[in-house]
Amino acid sequence: MPRTLITSALPYINGIKHLGNMVGSQLPADLYARYLRARGHEVMFICATDEHGTPAEIAAKKAGQPVAEYCAAMWQVQKDLADGFRLSFDHFGRSSSPQNRRLTQHFAGRLDTAGLVEERASRQVYSNADGRFLPDRYVEGTCPNCGYERARGDQCENCTKQLDPTDLIAPRSAISGSTDLEVRETKHLFLLQSRLRDELDAWIDAQRGWPVLTTSIAKKWLHDGDGLQDRGITRDLDWGVPVQKGDAPWPGMEGKVFYVWFDAPIEYIAATNEWADANGGDWERWWRTDRGADDVRYVQFMGKDNVPFHTLSFPATILGSGEPWKTVDYLKSFNYLNYDGGQFSTSQGRGVFMDQALEVLPSDYWRWWLLSHVPESSDTEFTWEAFQTDVNKDLADVLGNFVSRVTKFCRSKFGEAVPAGGEWGLGEEALAKTLAARLAAYERHMDAIEIRKSAAELRAIWVAGNEYLQEAAPWATFKTDPDKAAMQIRLGLNLVRLYAVLSAPFVPDAAATMLRSMRVEGADWPTDVAEALGALPAGHGFEVPEVMFAKITDERRADWAARFAGARG
RNA sequence: GGCGGUGUAGCUCAGUUGGUUAGAGCAGCGGAAUCAUAAUCCGCGUGUCCGGGGUUCAAGUCCCUGCACCGCCA
């Protein structure tokens, strides 16, 4: 059985993610995971919350909670939303887990042993009032270049000049506003990525068929300017993985933690470990090529902003360890989803957030629209008008109405059981042939993770059913040849079953409704279309389902457009 | 400022290694049908492929350049 490991980029813990975050990682990853499971693959689908770092500490402070408590609560919120969107993770972990702590410390120890870690002294701003070192971007002050009063310590966003926190005039803490700051000397560990450049370069070159977006970003970072830079992997914070060399203490690094970007990707591995601990499975057969993972295909999903970390930093950690860890085989990256002419923005509360989306509509509406418009090759625009017309057309009119017209016609003419009589003619053979060709194309696109094309093909499969019905016209046939009408509608009911199976990766709830109404459990992916269209035999009972997709009215659309136009309320 | 991306029908987007009359869905117009959530099906697109140069027998597709928009700059 083919085995596929799938990871989605980790959502950060400090709040509820918006649709733009989800569409570039978790949602397409889920689509692929569901599809492969349906095709009989053994799948391990992993996601987790990314919990460490200063933004989490600040969010917790704002919420008036200890950071560990805040993260635990937010993890539950994100877990519930993931469930709401039917994201079928095998495990949704936490980067603050003991498993991740152990593995992060392990990797750091291995990297040190390999001579890839170096201690360097640096001068950083310390806030007495906050009792902590301040990351560069959390120091604010007046820009020495343009006089802008709210310049950040890493850069002035007014004149875009790159800054050092010590350049700022009248610096203050962005956390507390305190001006009681001083510069202190502190020591940090650096990962000597520059020494791994050739190895990483060769590794990237060895990858076949990766999207241009992915490799071009990686190559740029490897070769531009001074090339790949060494990277600080520790911070002076309380919240994080304590710096240790494996199980042993790290002299001189007491009280420091690893940088969030060092431990976050390791959580992919650790989350699988969490899964094993919770379910009694073996996680190493997914991750260690010396322990059974050599036949695993590993696919990652992420937004384009995450690509450098997954093509360079994380591989540097893994390759540098000198141990036989599984590296990514295919990296699917996405562009951005824009919202009504601008960006989705977490900080400004602009756009639709996961909780709000589920408040107004069932998850299938969102899954279908977002996946069929996923920003694969360029940024994509979300507008309420497009969302309304697309969803009404595709889900309500094409798919939902198909189920409705078939089941209701049958109920009124033959009763609520698959009718007997009649035999296939040319029209039915032609339909089977068309569907077989479309199914092959659908599978080809899904295998290649070409999501928009897959969605278009699935839609064409739905349309083929309506075309057939229009041509066969059982309502007319019924008057002259009831047996033939019975055969036609028997085929229609079987199409409903087939559509449920094929549509499940995109719209799992609707698929479940369709199967339930056809009184079918656990239908297999079709290998032969003609055969699949005879799966429901004459006499098999069914029910007419409730309207599967209510249409979005102009009033509701206008209401939502207004509600989500400004800041999150 | 540097780097990267994008610019194709009213809208959202496809257009493999350059190759016949540039495509899809939606919207729009016309028609058929009436089983169905007034839902379906059929037919209809001469669009300076952002502008300007260039390479080539041949460019939306490669090169140079200009413009516009977007993003990133650890």
Side-chain angles (χ1 to χ4, degrees), chain A residues 135-137 145 154-155 157 159-163 191 193 209 212-213 215-221 223-226 228-233 259-261 303-309 312-313 333 335-338 341-343 369 372-383 385-414 445 448 450 452-453 455-460 462-479 485 488-489 492 544-553:
Chain A
D136 291 355
R137 51 188 277 228
N145 189 48
D154 53 350
Q155 181 182 31
E157 59 184 29
C159 68
T160 74
K161 184 178 170 60
Q162 306 252 2
L163 300 171
L191 177 60
Q193 297 186 128
V212 178
L213 183 65
T215 47
S216 69
I217 292 173
K219 284 289 182 181
K220 170 183 176 296
W221 283 50
H223 299 295
D224 272 16
D226 299 329
L228 192 60
Q229 298 297 297
D230 297 336
R231 199 169 60 106
I233 57 168
Y259 179 40
V260 58
W261 260 113
K304 58 185 172 186
D305 52 328
N306 266 327
V307 169
F309 299 101
L312 302 171
S313 305
S333 57
N335 291 285
Y336 291 140
L337 181 69
N338 289 321
Q343 290 184 56
W369 196 90
S372 61
H373 293 80
V374 67
E376 258 174 329
S377 55
S378 64
D379 291 355
T380 295
E381 185 76 12
F382 174 92
T383 65
E385 290 76 10
F387 177 73
Q388 179 196 21
T389 56
D390 291 343
V391 157
N392 283 352
K393 186 73 179 172
D394 297 349
L395 296 181
D397 298 348
V398 175
L399 177 61
N401 182 56
F402 177 79
V403 174
S404 196
R405 67 195 296 206
V406 168
T407 54
K408 286 184 179 174
F409 179 78
C410 187
R411 180 173 64 183
S412 75
K413 305 298 185 195
F414 300 101
H445 291 139
E450 297 264 16
R452 275 175 177 251
K453 288 177 181 171
E457 203 58 48
L458 177 59
R459 187 186 187 282
W462 298 339
V463 168
N466 281 313
E467 282 172 355
Y468 169 76
L469 273 192
Q470 209 62 30
E471 177 70 25
W475 49 89
T477 317
F478 183 77
K479 294 169 188 163
Q488 292 169 332
I489 214 64
V544 175
E546 296 293 304
V547 167
M548 294 204 306
F549 297 101
K551 290 206 201 193
I552 298 170
T553 61

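Reminder, nothing fancy here: chain letters follow the sequence lines and each chain counts from 1.
Across all strands shown, the partner of B/rU6 is B/rA68, judged by Watson-Crick or G-U wobble contacts whose two distances both fall under 3.5 Å. Nucleotide B/rA24 has B/rU12 as its partner under the Watson-Crick or G-U criteria, with both atom distances under 3.5 Å. Pair assignment for B/rG30 gives B/rC42, based on Watson-Crick or G-U wobble hydrogen-bonding distances that are each under 3.5 Å.
We find that CG of A/N335 is positioned 15 Å from C1' of B/rC69, with the value rounded to whole Å. Look at CD on A/Q488: it is 20 Å from P on B/rU40, rounded to the nearest Å. Atom CD in A/E546 sits about 16 Å away from atom P in B/rA36, given to the nearest Å. For the pair A/W261 CH2 and B/rA74 C1', the interatomic distance rounds to 11 Å; values are reported in whole Å. Remark: C1' of B/rC35 and CD of A/E471 are 15 Å apart, rounded to the nearest angstrom. The OH atom of A/Y468 sits 17 Å away from the P atom of B/rC35 (whole-angstrom rounding). Residue A/L469 contributes atom CG, which lies 14 Å from atom P of B/rU34 at whole-angstrom precision.
Within the structure, salt bridge (charged side-chain N to carboxylate O under 4.0 Å, His left out) contacts touching residues 385-394 of chain A (residues at least two apart or in different chains) are A/D394-A/R459.
Note on A/K413: every side-chain N or O is 4.0 Å or more away from OP1 and OP2 of B/rC35.
Comparing B/rA39, B/rG71, B/rU40 against the side chain of A/Y336 picks out B/rG71 as the nearest.
Within 4.0 Å of A/F402, counting heavy atoms only, lies no atom of the nucleic acid at all. At the heavy-atom level, A/V403 lies nowhere under 4.0 Å from the strands shown.
With P as the reference atom, B/rG28 and B/rA74 are 48 Å apart, rounded to whole Å. Across the C1' atoms, B/rG45 and B/rA36 are found 31 Å apart, a figure rounded to whole Å. B/rU61 sits 13 Å from B/rU17 when the P atoms are compared, rounded to a whole Å. When the C1' atom is compared between B/rC13 and B/rA22, the two are found 14 Å apart, to the nearest whole Å.
Between A/F414 and A/F478, the ring planes are perpendicular. Angles over 60° get that label, and only those under 30° would be called parallel.
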Between the protein and nucleotides 6-13 of chain B, which nitrogen or oxygen pairs come in under 3.5 angstrom?
from: B/rC13; atom 1: OP1; to: A/D379; atom 2: O; distance (Å): 3.0
from: B/rC13; atom 1: OP1; to: A/E381; atom 2: N; distance (Å): 2.8
from: B/rC13; atom 1: O2'; to: A/R452; atom 2: NH1; distance (Å): 3.0

Counting primed atoms, P, OP1 and OP2 as sugar-phosphate and everything else as base, the B/S/- map of nucleotides 26-33 of chain B against protein heavy atoms under 4.0 Å is S------S
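For the pair A/A396 and A/E467, nearest-nucleotide mapping onto RNA chain B gives the more 5' position to A/A396.
Judged by distance alone with a 3.5 Å cut-off, no donor-acceptor contact links the side chain of A/D397 to the base of B/rA39.
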